[in-house]
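Numbered from 1 within each chain, the chains take letters A, B, ... in sequence-line order. All values below come from the heavy atoms of this structure, side chains included, with hydrogens, waters and symmetry mates left out. Because the structure is a prediction, the values reported are computed rather than measured.
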Number of protein chains: 2
Amino acid sequence: MTIKEVCKKYDITQDTLRYYERVGVIPEVSRTKGGIRDYTEQDIKWVENAVCMRSAGVPVEMLIEYVKLFQEGDSTITARRDLLMDARAEVQKNLDKYQATMDRLNYKISRYEEAVKTGVLTWDAENIKKD
Amino acid sequence: MTIKEVCKKYDITQDTLRYYERVGVIPEVSRTKGGIRDYTEQDIKWVENAVCMRSAGVPVEMLIEYVKLFQEGDSTITARRDLLMDARAEVQKNLDKYQATMDRLNYKISRYEEAVKTGVLTWDAENIKKD
DNA sequence: ATATACCTTGGAGTTAACTCCAAGTCAATA
DNA sequence: TATTGACTTGGAGTTAACTCCAAGGTATAT
């Protein structure tokens with residue numbers, strides 16, 4: 001698979017994909033004789049993983065560390081597990097924050113829907129913040 | 001309430017709080033005769049809102065726009081509602097991504113837990129990716 | 001074979017959101 | 001009242017994660 005196809009598949013730019021490879025967010029990708037990237041299934045799995053992790057804010061630094069450990073072989077299995085658990089804790093923390101923000105936005109929007117109908121913006125006694 | 005107290009309450013730095021005020025993420029904060037910030041309940045509500053929204057990745061630019069509209073008065077109520085709905089859609093999209101990443105991490109970690117016990121890292125037929 | 005489009009690399013530039021700094025002012029305490 | 005610590009401003013610097021660029025190689029269509 002060419003870089004163009006992979007980029008389209010995951011909706012990222014070629015620059016981003018080359019950058020990921022350059023810094024080690026994904027292992028080195030296989031090439032044609034001419035030196036042009038030709039992604040294997042394996043390569044694509046790594047890309048998919050990177051895109052997913054990045055979309056949840058897992059730092060590039062952490063993905064690099066994971067790939068490095070992976071390439072060192074089975075002796076790093078516990079280290080990799082620990083890294084994944086750290087990442088998970090971080091993602092969960094953010095998930096909770098995002099949920100809290102959704103709750104706040106839903107409340108505010110419900111007040112605004114009301115205001116658009118009645119022409120008056122009101123808040124519960126608890127929330128005398130008027131914003 | 002002093003800037004120090006507000007920062008402690010929301011676990012942010014004074015620089016960040018002054019920056020928020022400077023660029024308009026929150027409205028101008030009230031001052032003592034000496035010109036020192038003295039946050040009112042209202043001011044603090046704005047800070048709380050900003051911190052919450054930022055923690056879910058709502059861009060500074062969007063918060064600035066909201067404050068601007070708010071200060072223009074009731075004629076901007078529908079515009080503010082629309083802005084909030086845009087923000088909500090964005091937060092929801094990210095929430096979904098975070099959840100997808102949690103699922104992936106949970107699966108990987110379960111495989112690693114197994115590997116730590118048995119010494120062998122295995123994957124389902126579907127997931128022959130070995131990472 | 002030659003033009004066209006796409007690919008390569010290394011390195012420089014950009015963006016958002018802080019974060020730090022210098023020079024000076026304010027306030028609480030000995 | 002003098003000193004100490006916290007506060008003020010405007011502006012410069014930093015960081016993470018891309019994003020762009022130039023010079024050149026590769027591959028496909030005429």
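- For B:Pro59 and B:Lys33, each mapped to the nucleotide of DNA chain C holding its nearest heavy atom, the one lying further toward the 5' end belongs to B:Pro59.
- Residue pairs meeting the salt bridge (Lys or Arg N to Asp or Glu O under 4.0 Å) criterion with at least one member in residues 25-35 of chain B, sequence neighbours excluded: B:Glu21-B:Arg31.
- One interatomic measurement links the two molecules: OH of B:Tyr39 to C1' of D:dC7, which rounds to 11 Å at whole-angstrom precision.
- Two residues, B:Thr32 and B:Glu61, neighbour DNA chain C, and the one matched to the more 5' nucleotide by heavy-atom proximity is B:Glu61.
- What separates CG of A:Leu63 from C1' of D:dC18 is a distance of 14 Å, to the nearest Å.
- Using a 4.0 Å cut-off on heavy atoms, the residues of residues 12-28 of chain A that approach DNA chain C are A:Gln14, A:Arg18, A:Arg22, listed by number.
- Atoms CD (A:Glu90) and P (D:dA16) sit 15 Å apart, rounded to a whole Å.
- One can place CE of A:Met1 at 13 Å from P of C:dC7, the figure rounded to the nearest angstrom.
- By the neighbour-count criterion of 12 heavy atoms within 6.0 Å, atom CG of B:Asp74 is sparsely surrounded, having that number or fewer from other residues, nucleotides or ligands.
- Between the side chains of B:Arg88 and B:Gln92, no donor N or O sits under 3.5 Å from an acceptor N or O.
- When the side chains of ILVMFWY residues are joined at heavy-atom separations under 4.5 Å, either directly or via intervening members, B:Ile36 and B:Val29 end up in two distinct hydrophobic clusters.
- Taking side-chain N and O atoms only, A:Lys4 has a distance below 4.0 Å to OP1 or OP2 of C:dC6.
- Comparing atom distances between the B:Arg37 side chain and each of D:dA6, D:dT8, D:dA17 picks out D:dT8 as nearest.
- Side-chain polar atoms of B:Ser30 and B:Asp43 form a donor-acceptor pair below 3.5 angstrom.
- Residue A:Asp38 contributes atom CG, which lies 16 Å from atom P of D:dT26 at whole-angstrom precision.
- For A:Ile36, whose side chain is taken as the heavy atoms from C-beta onward, the closest listed nucleotide among D:dT8, D:dT26, C:dA17 is D:dT26.
- Side-chain atoms of B:Gln99 and B:Asp103 form a donor-acceptor pair, as typed in the model, at a separation below 3.5 Å.
- Atom-to-atom, CE of A:Met62 to P of D:dA17 comes out at 11 Å; the value is rounded to the nearest Å.
- Of all heavy-atom pairs spanning A:Ala50 and A:Ile26, the tightest one is CB-CG2, 4.0 Å.
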